[in-house]
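Report on the structure given below.
Numbers here are sequence positions counted from 1. Indexing begins at 1, ligand by ligand and atom by atom, following the structure's order. Every heavy atom of this structure was used, including side-chain atoms; hydrogens, water molecules and symmetry mates were not.
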Amino acid sequence: DLGDYKHYMQKEIFEQPQAIRDTLESRITKDTVSLSAFGHNAETIFTNIKHIQIIACGTSYNAGLVAKYWLEDIAKVPTNIEVASEYRYRNPVVLNNTLLVTISQSGETTDTLEALKSVKQHHNNIHTLTICNCAESFLTRESELTLLTHAGPEISVASTKAFTTQLVSLALLSVAIGKCHKQVDKKQETAIVDGLNRLPGLIKKTLEQESQIIELAQSFKNKFNAIFLGRGTMHAIAMEGALKLKEISYIHSEAFPAGELKHGPIALIDQDTPVIAIAPNDQLLDKLKSNLQEVKSRGSQMIVFEDEMSNVTPMQNMTVMSITHNLGIITAPIIFTIPLQLLSYHVALIKGTNVDKPRNLAKSVTVE
Ligand code: M6R
């Protein structure tokens, strides 16, 4: 039931504060991340693993890209990630004591499922965990450990609340493994849990900035290309922003790590190619600001989503939109996802596409 909403995508974007509350519920008690939430023997498994391999497709892959940063930064466990459609068809080296993490909204994506089955078939000394939104699915049945994202049914083909709840779940996983490996102390755990608990309120605040995004969306009316830039976890969020925009508005969008611009992609930039940059106030901000200077001289229209503390000085052809402030390593990528979801939604409305059922796409990809 759509209620007052026009599309499922819009409804699902606005359901995110609740979806995150539901995903956190019973996984956090007071300021402690529960290990048993992942399965009764999770503590033993997490303590013994030495490597993590993440496998997923599409938006779920983008969530995994963020998690790679978190798992190495917080839990200090070497982590690789690959799209399932590549991983399953090659002969990857799988080390003993690897935790194979699959991420999926549906739990039915053929490539992800087949990649998991093939690793299980060829390797004994590994463990498997799925982060999934559907309790009764192939992936949950095939995995030793499961953490369900409690996003509720996601109808729109473009994934929104499944993504942010996957990120929340992956944050819980990073803390859980970090605790088992004695890399996360009580102080850090309390700080991360506090950030996670603040998310529903912060997202609600960001959603209230929708009217500014509607205005920004107008300039995409006659555009055929767009470029998204970010560094660190924000590169993964830029990838997700580009995927959303191409999926529902059919604008060709690419994401690049901002530092890679000068190695080729900057050749694409001209007056007709808007550049969307994500600029949180982190240790990479100054580097990103100098990347924006490089873009400026090509005359393209720039949209910068910044943190209130980032102080990006608006230049000619640049709109700077401040999101919120005081974001941490976990909260920042989740919050910066919201304006990109809203932007793609409003651009699609302007383009008049079928928002919930974009051309050529299915909600669950059960073909090879
Ligand atoms: O159900 P899954 O998470 O395994 O699906 C993976 C992708 O097919 C999916 O995320 C797809 O990229 C979405 N349409 C993105 O919005």
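- Ligand 1 is approached by V157 to a heavy-atom distance shorter than 4.0 Å.
- Side-chain N/O atoms of S159 and E154 include a donor and acceptor closer than 3.5 Å.
- Contact atoms of ligand 1 toward A158: 16 (O) (distance under 4.0 Å to a heavy atom of the residue).
- Contact between L340 and I276 at its shortest, heavy atoms only, is CD2-CG2, 4.0 Å.
- Counting only distance, with no hydrogens or angles, the side chain of K363 and the backbone of S106 share no donor-acceptor pair below 3.5 Å.
- Not a single heavy atom of S364 sits closer than 4.0 Å to an atom of ligand 1.
- Below 4.0 Å from some heavy atom of K244 lie the following atoms of ligand 1, by number and element: 15 (C), 16 (O).
- For atom 1 (O) of ligand 1, the nearest non-hydrogen atom from the set P358, S106, S60, C134 belongs to S106.
- When only non-hydrogen protein atoms are considered, atom 7 (C) of ligand 1 lies nearest to C57 O, 3.7 Å.
- Contact annotation: for T59 versus ligand 1, heavy atoms closer than 4.0 Å belong to both the backbone and the side chain.
- With Q341, Q105, E247, K363 as candidates, the residue nearest to atom 14 (N) of ligand 1 on a non-hydrogen basis is E247.
- For a threshold of 3.5 Å applied to N or O pairs, the pair formed by T109 and ligand 1 contains at least one separation below that value.
- For the residue pair Q218/H346, the side-chain donor-acceptor check at 3.5 Å is not satisfied.
- Remark: the K246 side chain and the S344 side chain contain no N/O donor-acceptor pair separated by less than 3.5 Å.
- Regarding atom 8 (O) of ligand 1, its nearest protein heavy-atom neighbour is V365 CG2, 3.9 Å.
- Using a 3.5 Å distance cut-off with no hydrogens or angles, the side chains of E306 and S322 do pair a donor with an acceptor.
- At distances below 3.5 Å, at least one donor-acceptor pair connects side-chain atoms of E189 with backbone N or O atoms of V33.
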